[in-house]
Amino acid sequence: MPDLASARIAGEPFFTLPFGDIVNYFTPYTAVLFGFALLFTAICIFSRPERQLDVVFGTDAYYAKGVTGKELRFRRFMAIACGCATMGAMLSGDVFNFTLFVSMVGICIIGIVAAVKSRHVLDAAYNYGIISIIATVPLFGGAAITLATTGTLSIWALSGMQAGMPLIAKILILLGVMGEGIAPFYAAKAELFRAPGAPYVIMIHVSSLLMFLRVVEILLTV
Amino acid sequence: MISWYVIGLIVIFAGVALTFSAFLKERDDVHKLILADLAEISGLAIIALTATDLAEALIIPGLVVGISELLAVSEIYLTREKLFEQPKKRFRIEVMDSAPALLGAILVIFGIVLSGFTGGAVAATGVIFYFLCKGQQERFALIETVSGYAWALWIVAFFTFMLAPSYWFFGVMLAGSAILAKVVAKMSLIGAMRGESNA
């Protein structure tokens with residue numbers, strides 16, 4: 001098993017999963033993040049969505065808005081897919097795979113937000129969609145520049161190199177993750193917290209938080 | 001001497017900067033979507049600059065992610081603007097009434113001769129042309145089923161490579177014909193599903 005050169009940042013890797021030259025790995029740090037994503041995916045699978053209650057002012061009456069049927073199934077599917085993509089991003093040992101998983105998280109988040117069929121929510125989903133399309137430019141660009149200058153995409157190989165990933169590629173990847181991870185801002189803008197279906201909205205925040213935590217680890221390692 | 005790679009990067013980043021400056025001025029939502037697609041293409045161009053086999057392998061997932069994001073966002077646009085009606089007046093010229101069967105057949109046969117991913121794209125162009133001219137009362141469920149089986153065959157071919165490498169020729173043939181059917185089916189569905197009950 002090759003050594004991860006800057007293991008002091010995230011701890012010594014204790015599990016590797018090689019697919020040819022793509023070596024996925026767990027360090028204590030990424031294993032914790034992975035477990036976190038797994039936990040929230042399980043919550044999305046097993047919990048029932050929250051029902052929103054609107055109190056009619058001045059009386060004892062209230063409206064209950066539930067999430068049912070097709071919309072429930074779609075949002076649950078998207079939340080689970082988002083969890084899986086996040087888990088993939090957590091254990092990926094390859095820069096391009098990481099960027100692909102990050103953009104998959106973006107697509108799933110578009111799905112979660114867009115399931116609510118009201119005008120201002122769809123507006124927010126549309127704007128986030130545009131941002132996440134644009135964010136794939138620096139993401140893939142950073143990975144491609146890394147490949148062109150160092151000849152490899154493997155985090156293992158990059159961490160062992162003297163030069164490592166060029167600074168411009170690091171900046172680009174960070175920009176890309178910022179673009180995909182801006183989702184909670186749009187979720188807040190659409191007031192999704194006040195829309196019914198709570199556990200699925202949580203997935204948006206969990207996945208973007210975990211993406212930021214992982215990209216910091218990758219950028220410090222390579 | 002600056003290397004060609006750096007010159008290419010500078011050109012692409014100039015293009016990206018141009019696209020982003022257009023973004024700042026643009027107010028129309030559809031135009032924004034098109035500009036975003038333009039930016040996406042320049043992202044693929046950065047990958048293509050690497051100019052190795054690996055870069056070619058990276059472009060396909062990049063393209064798939066880009067197209068799926070584009071489809072998702074345009075679907076959101078359609079839902080938001082409540083655009084469920086098919087446009088009444090469609091583009092018609094004479095060749096669209098007389099030639100579709102022949103041209104479609106030529107393209108499909110040529111695609112099958114080419115085989116593989118490129119052949120799939122050529123054959124799909126034939127199928128799309130046919131649908132475009134003849135309208136679409138076809139059974140999409142059938143095309144979807146073909147696509148599903150083709151994907152399964154593709155996977156079978158991969159397992160053949162891994163588990164029984166001596167049957168590689170069988171695997172190559174299976175994978176080549178399956179990806180052909182898969183690409184044809186998928187591409188001919190693009191744009192034809194709008195207005196159906198599952199839209």
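Quantities reported herein were computed from a predicted structural model and do not represent experimental measurements. Hydrogens, waters and symmetry mates play no part in the numbers below; they use all other heavy atoms, side chains included. Throughout, protein chains are lettered first and strands after them, A, B, ... in sequence-line order, and every chain is numbered starting at 1.
- Distance check, rounded to the nearest 0.5 Å: CZ of B:Phe13 to CD1 of A:Ile168 gives 6.0 Å.
- In this structure, the side chains of A:Ile133 and B:Asp37 stay at 4.5 Å or more apart for every pair of heavy atoms.
- Rounding to the nearest 0.5 Å places CD of B:Glu69 at 5.5 Å from OG1 of A:Thr136.
- Only the side chain of B:Leu9 comes within less than 4.5 Å of a heavy atom of chain A; its backbone N, CA, C and O stay farther away.
- Both the backbone and the side chain of A:Ile145 come within less than 4.5 Å of a heavy atom in chain B.
- Under the 3.5 Å distance criterion, the side-chain polar atoms of A:Tyr126 are left unmatched by any main-chain donor or acceptor of B:Ser74.
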**Message:** Under the criterion side-chain contact (heavy atoms from CB on, under 4.5 Å), I'd like the reasoning laid out for A:Arg119 against B:Glu81: C-alpha separation, chi angles, the key distance, then a yes or no.
**Reply:** CA-CA 9 Å; A:Arg119 173 96 195 179; B:Glu81 303 292 326; 3.6 Å; yes
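- Interatomic distance, A:Leu147 CG to B:Thr52 OG1, rounded to the nearest 0.5 Å: 5.5 Å.
- Within the 4.5 angstrom heavy-atom criterion, only side-chain atoms of B:Tyr5, from C-beta onward, approach chain A.
- With a 6.0 Å radius and a threshold of 12 heavy atoms from other residues, nucleotides or ligands, B:Phe170 has its CZ atom at or below the threshold.
- To the nearest 0.5 angstrom, A:Ile134 atom CD1 is 3.5 Å from B:Phe23 atom CZ.
- By number of non-hydrogen pairs under 4.5 angstrom with chain A, the leading residue of B:Thr50, B:Leu38, B:Val64, B:Leu58 is B:Leu58.
- B:Glu56 meets the salt bridge (charged side-chain N to carboxylate O under 4.0 Å, His left out) test with no other residue; sequence neighbours excluded.
- In terms of heavy-atom pairs under 4.5 angstrom with chain A, the leader among B:Ala72, B:Pro61, B:Ala48 is B:Pro61.
- With a 6.0 Å radius and a threshold of 12 heavy atoms from other residues, nucleotides or ligands, B:Asp53 has its CG atom at or below the threshold.
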Sequence neighbours excluded and cut-off under 3.5 Å, please list the side-chain donor-acceptor pairs for residues 149-167 of chain B, or say none.
{"residue": "B:Thr160", "atom": "OG1", "partner": "B:Val156", "partner atom": "O", "Å": "2.7"}

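- Contacts with chain B were tallied for A:Ser132, A:Gly111, A:Gly129; A:Ser132 has the most, counting heavy-atom pairs under 4.5 Å.
- Note: A:Phe96 CZ to B:Leu54 CG = 8.5 Å, rounded to the nearest 0.5 Å.
- Atom CG of residue A:Asn127 and atom NZ of residue B:Lys32 lie 6.0 Å apart, to the nearest 0.5 angstrom.
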